[in-house]
Amino acid sequence: MSNNSLLPYVLQDKHNLALENCMKEAFKVDLKKLLLCPVENVDETLLPILAKEGHIMGYEGWNLAKTNEQKQNLIKNSVQLHAKKGSMPTLKEALQTLNIEAEIKEWDEYNGRIGHFRIEFLNIYDRGLDDNFEAEIKEMIKNYKPLSRILDVINYFLCSKAKIYVGTRIKTLETAAIKTKEVQI
């Protein structure tokens, strides 16, 4: 019936050809425009579904994302992270997406063994440092690093922003005075 049909000749009746034409028209539409949605406006209960769709669940970042903003940033950047996955800049970008400030040093920057690298965490901002964090960060590093690179060591140089109260106590025979002052570090 039709010379430009992809269907076998046996299936080329008017119904199948009409279906084939509909499919050709549908695939002309840029599907990326339909799939992208503003993540900021999505209900937080739907974020795990978008994360699974973006293939960032588990140790590819989702386990380390603590706030909704970090989760949204991870979903927004999932395409770029996967496109460049397996490079050191992508590893650093993935950590920055999770609000973790880190410096990655290649083997030639610290006289290490060829193909090795180290990571120095300068600030992990709103997280605590425990065994779970270290295990999760190692798994994430394993997911984003180049296969040819070997992690030597993780160094932590932590800073934190917190209100600290400094007080003094003076005891004399007559009076006791206690003064507090808020200090910003």
Side-chain angles (χ1 to χ4, degrees), residues 23 26-163 185:
M23 290 174 56
F27 287 119
K28 286 181 184 175
V29 176
D30 187 11
L31 296 178
K32 290 181 183 175
K33 291 180 182 176
L34 298 174
L35 296 176
L36 296 178
C37 64
V39 179
E40 298 86 11
N41 300 335
V42 173
D43 186 37
E44 67 182 64
T45 57
L46 298 175
L47 290 178
I49 296 169
L50 292 174
K52 189 171 184 178
E53 191 175 291
H55 200 312
I56 51 169
M57 291 300 283
Y59 295 115
E60 294 193 0
W62 194 257
N63 288 355
L64 289 165
K66 298 297 179 198
T67 65
N68 279 338
E69 182 182 347
Q70 291 172 358
K71 292 175 182 179
Q72 290 168 353
N73 286 338
L74 199 58
I75 291 169
K76 281 187 228 174
N77 295 329
S78 65
V79 174
Q80 291 86 358
L81 291 174
H82 281 289
K84 300 180 283 181
K85 194 173 180 179
S87 68
M88 294 311 237
T90 306
L91 175 58
K92 188 169 186 175
E93 187 178 328
L95 292 169
Q96 286 174 344
T97 301
L98 295 170
N99 201 21
I100 298 173
E101 189 179 330
E103 188 175 314
I104 299 173
K105 293 188 176 182
E106 293 278 355
W107 61 273
D108 57 340
E109 295 175 301
Y110 65 94
N111 296 326
R113 291 179 287 178
I114 295 174
H116 289 239
F117 70 100
R118 65 173 48 170
I119 295 183
E120 295 178 350
F121 287 108
L122 306 176
N123 205 333
I124 55 174
Y125 294 104
D126 56 351
R127 315 170 184 279
L129 184 61
D130 59 0
D131 293 337
N132 290 339
F133 174 78
E134 188 163 4
E136 288 173 352
I137 204 76
K138 283 181 180 178
E139 286 297 320
M140 183 180 174
I141 291 167
K142 193 187 311 180
N143 278 313
Y144 282 104
K145 74 173 184 67
L147 293 175
S148 61
R149 296 287 194 271
I150 299 167
L151 177 65
D152 268 343
V153 69
I154 298 176
N155 293 324
Y156 297 95
F157 302 99
L158 302 176
C159 300
S160 122
K161 294 181 181 179
K163 290 183 179 181
I185 297 178

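Residue numbers run from 1 in the order of the sequence given.
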> Under the side chain to side chain contact (heavy atoms under 4.5 Å, CB included) criterion, do Ile119 and Ile137 qualify, and how do the steps go?
Replying inline: CA-CA 11 Å; Ile119 295 183; Ile137 204 76; over 6 Å; no
> Between Asp152 and Phe117, does a side chain to side chain contact (heavy atoms under 4.5 Å, CB included) hold up when you go through it step by step?
Replying inline: CA-CA 6 Å; Asp152 268 343; Phe117 70 100; over 6 Å; no
> Going through the checks in order, is the side chain to side chain contact (heavy atoms under 4.5 Å, CB included) test met by Ile75 and Gln72?
Replying inline: CA-CA 5 Å; Ile75 291 169; Gln72 290 168 353; 5.7 Å; no
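Judged as a side-chain contact (heavy atoms from CB on, under 4.5 Å), and not counting sequence neighbours, the contacts of Lys138 are Glu134, Ile154. With sequence neighbours left out, Glu136 forms a side-chain contact (heavy atoms from CB on, under 4.5 Å) with Tyr59, Asn63, Leu64. Partners of Pro146 by side-chain contact (heavy atoms from CB on, under 4.5 Å), not counting sequence neighbours, listed by chain and number: Met88, Ser148, Arg149.
When all heavy atoms of Lys105 and Glu103 are compared, the closest pair comes out as CE-OE2, 2.9 Å. Tyr144 approaches Glu60 most closely through the heavy-atom pair OH-O, 2.9 Å. Looking at every heavy atom in both residues, Leu74 comes nearest to Gly61 through CD2-C, 3.3 Å. Ala51 and Met57 get closest at one heavy-atom pair: CB-SD, 3.5 Å. The heavy-atom pair separating Leu98 from Gln70 by the smallest distance is O-NE2, 3.3 Å. The two residues Lys71 and Leu47 come nearest to each other via the heavy atoms CB-CD1, 4.3 Å.
Taken from CG in Asn143 to NZ in Lys85, the straight-line distance is 5.0 Å, to the nearest 0.5 Å. Atom NZ of Lys76 is separated from atom CG of Asn73 by 5.0 Å, given to the nearest 0.5 angstrom. Note that NZ of Lys145 is 13.5 Å distant from OG1 of Thr90, once rounded to the nearest 0.5 Å.
The environment of CD in Glu139 is crowded: more than 12 heavy-atom neighbours from other residues, nucleotides or ligands sit within 6.0 Å.
Between Tyr156 and Phe121, the angle of the ring planes stays under 30°, which puts this pair in the parallel group of the 30/60° scheme.
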